[in-house]
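Worksheet: one structure, shown below.
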Protein chains: 2
Amino acid sequence: MTQKIDFLSKNQQIVLEIIEKAKEPLKAYSILFSVQKKGIKAPPQVYRALDRLIKLGKIHKIESKNAFVACKNDSCTISNATAFSICDNCEMVTEISNPKLSKYLANFQDETGMRYNKYNLEFFGLCKKCKK
Amino acid sequence: MTQKIDFLSKNQQIVLEIIEKAKEPLKAYSILFSVQKKGIKAPPQVYRALDRLIKLGKIHKIESKNAFVACKNDSCTISNATAFSICDNCEMVTEISNPKLSKYLANFQDETGMRYNKYNLEFFGLCKKCKK
DNA sequence: TTACGCTTTGTTATAATATAACATTTTTAA
DNA sequence: TTAAAAATGTTATATTATAACAAAGCGTAA
Ligand SMILES: [Zn+2]
Ligand SMILES: [Zn+2]
Ligand SMILES: [Zn+2]
Ligand SMILES: [Zn+2]
């Protein structure tokens, strides 16, 4: 068998649950702290789970923040086309799920004719709450 | 006086020169090594210069690689709208300068009506050389 | 000129993020 | 059952980035 695609190991479930419950992106070491009561003791255990969850599209990494969010988008089974809205003021991050945008980016072709199989887009601004 | 906008300090010039000469993105600590012969000895000196150069739009950070590239785009005086093409195989990174793309993204408005004053987009694929 | 504010620099230490390496246990499939 | 593969546990260390504070350089106004 090549790969179990919908089964998560214990550590992976624990880490995913923490991230899903969070309202804001979580850092790896804050996850580590949270899960120590459940027996996960060392960074590699967390990073391994994170890597796997990212590959499965269950979570995404916010690169500009070195933090992780749960994917809320059911169609996002693999993390190869992601777009986020990030508030510069509060910690709010939401995944943008906009068919026109994703179609535009998935089909984007640069001057040299190069095509891409993956992209990550991060938008920054002030969210509604923070915009006074 | 508020800010000298086009003058670079000594350390800033040294760091910029190294990045401009490089053919691939440079990591902060590899920059530190390179500039030690010129008297820059400690991380904060490099990171300060990097921060300033980013604010001025002279360089950009490739977030997925924690590395820095010189801006080749004259109109890019401030780092608030960036797009990069990143080869998954070699270390090639190039800044995409495509008016249609930047217009599309600069005007993008999400479902909630939120507008953005900054974005960063990273495309991944195989560059021409690596695509056999 | 001097004295003050501001920016840049220098320096040490440490925080925060991430991986290497290897031993052990668990799960899977032949 | 047994051998391979996957997941886990563990220690140590590598990599990336910032805090904190002292000293030097520079513009300017009294
Ligand atoms: Zn998603
Ligand atoms: Zn906000
Ligand atoms: Zn640029
Ligand atoms: Zn390539």
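Proteins come first, then strands; the chains are lettered A, B, ... in the order of their sequence lines, and each starts at number 1. These numbers were taken from a predicted model, which means no experiment stands behind them.
- Taking only side-chain nitrogens and oxygens, A:Asn66 comes nearer than 4.0 Å to OP1 or OP2 of C:dA18.
- For the pair B:Leu126 and B:Cys87, the tightest heavy-atom approach, listed with the atom from each and the gap, is CA-SG, 4.0 Å.
- In this structure a side-chain-to-backbone donor-acceptor pair under 3.5 Å is present from A:Glu122 to A:Ser64.
- Between the CZ atom of A:Phe124 and the OH atom of B:Tyr116 there is a distance of 11.0 Å, given to the nearest 0.5 Å.
- Between the CG atom of B:Leu50 and the P atom of D:dT16 there is a distance of 12 Å, rounded to whole Å.
- Spacing between atom CZ of B:Phe7 and atom C1' of C:dT9 amounts to 13 Å, rounded to whole angstrom units.
- In this structure, B:Tyr47 does not count as stacked on the base of D:dT18 under the 5.5 Å centre distance and 30° plane angle limits.
- At least one donor-acceptor pair under 3.5 Å links the side chain of B:Lys128 to the backbone N or O of A:Thr112.
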Identify all pairs in which a protein N or O lies below 3.5 Å from an N or O of nucleotides 19-21 of chain D, and state each distance.
from: D:dA20; atom 1: N6; to: B:Arg48; atom 2: NH2; distance (Å): 3.4

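- Of the listed nucleotides (D:dA7, D:dA17, D:dG9), D:dG9 has the atom at the smallest distance from the side chain of A:Asn11.
- Protein atom CG of B:Asp51 is 15 Å distant from nucleotide atom C1' of C:dT7, rounded to whole Å.
- Not one side-chain nitrogen or oxygen of A:Lys65 sits closer than 4.0 Å to the OP1 or OP2 atom of D:dA17.
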With a 3.5 Å cut-off and sequence neighbours excluded, list the donor-acceptor pairs that the side chains of residues 41-49 of chain B form with protein atoms.
from: B:Gln45; atom 1: OE1; to: B:Lys41; atom 2: N; distance (Å): 3.0
from: B:Gln45; atom 1: OE1; to: B:Ala42; atom 2: N; distance (Å): 2.9

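- Distance, A:Glu63 CD to D:dA17 P: 12 Å, rounded to whole Å.
- In this structure, A:Leu32 atom CG and C:dT19 atom P are separated by 15 Å, rounded to whole Å.
- For the OP1/OP2 pair of D:dA6 and a distance below 4.0 Å, the side-chain nitrogens and oxygens of A:Ser9 include no atom meeting the criterion.
- A distance of 5.5 Å separates CG of A:Asp110 from CD1 of B:Ile96, quoted to the nearest 0.5 Å.
- Among the nucleotides C:dT9, D:dG9, C:dA18, the one closest to the side chain of B:Lys10 is C:dT9.
- Atom C1' of nucleotide D:dA14 and atom CZ of B:Phe33 are separated by 12 Å, given to the nearest angstrom.
- Contact check, B:Lys27 against D:dT15: no side-chain N or O comes under 4.0 Å of OP1 or OP2.
- Contact check, A:Gln45 against D:dG9: a side-chain N or O comes under 4.0 Å of OP1 or OP2.
- Distance, B:Leu53 CG to C:dT8 P: 11 Å, rounded to whole Å.
- In this entry the distance linking CG of A:Leu8 with P of D:dA6 reads 16 Å, nearest Å.
- With D:dT10, C:dG10, C:dA18 as the candidates, the nucleotide lying closest to the side chain of A:Ala42 is D:dT10.
- Each of A:Lys41 and A:Tyr29 was matched to the nucleotide of DNA chain D holding its nearest heavy atom; the match closer to the 5' end belongs to A:Lys41.
- With ring centers used as reference points, A:Phe123 lies under 6.0 Å from B:Phe108.
- Close to D:dA17, at under 4.0 Å from its OP1 or OP2, lies a side-chain N or O of B:Lys61.
- Note on residues 9-33 of chain B: pairs passing side chain to side chain donor-acceptor pair (under 3.5 Å), not counting sequence neighbours, are B:Ser9-B:Gln12.
- The side chain of A:Pro43 approaches C:dA18 more closely than any other nucleotide in the set D:dT18, C:dT11, C:dA18.
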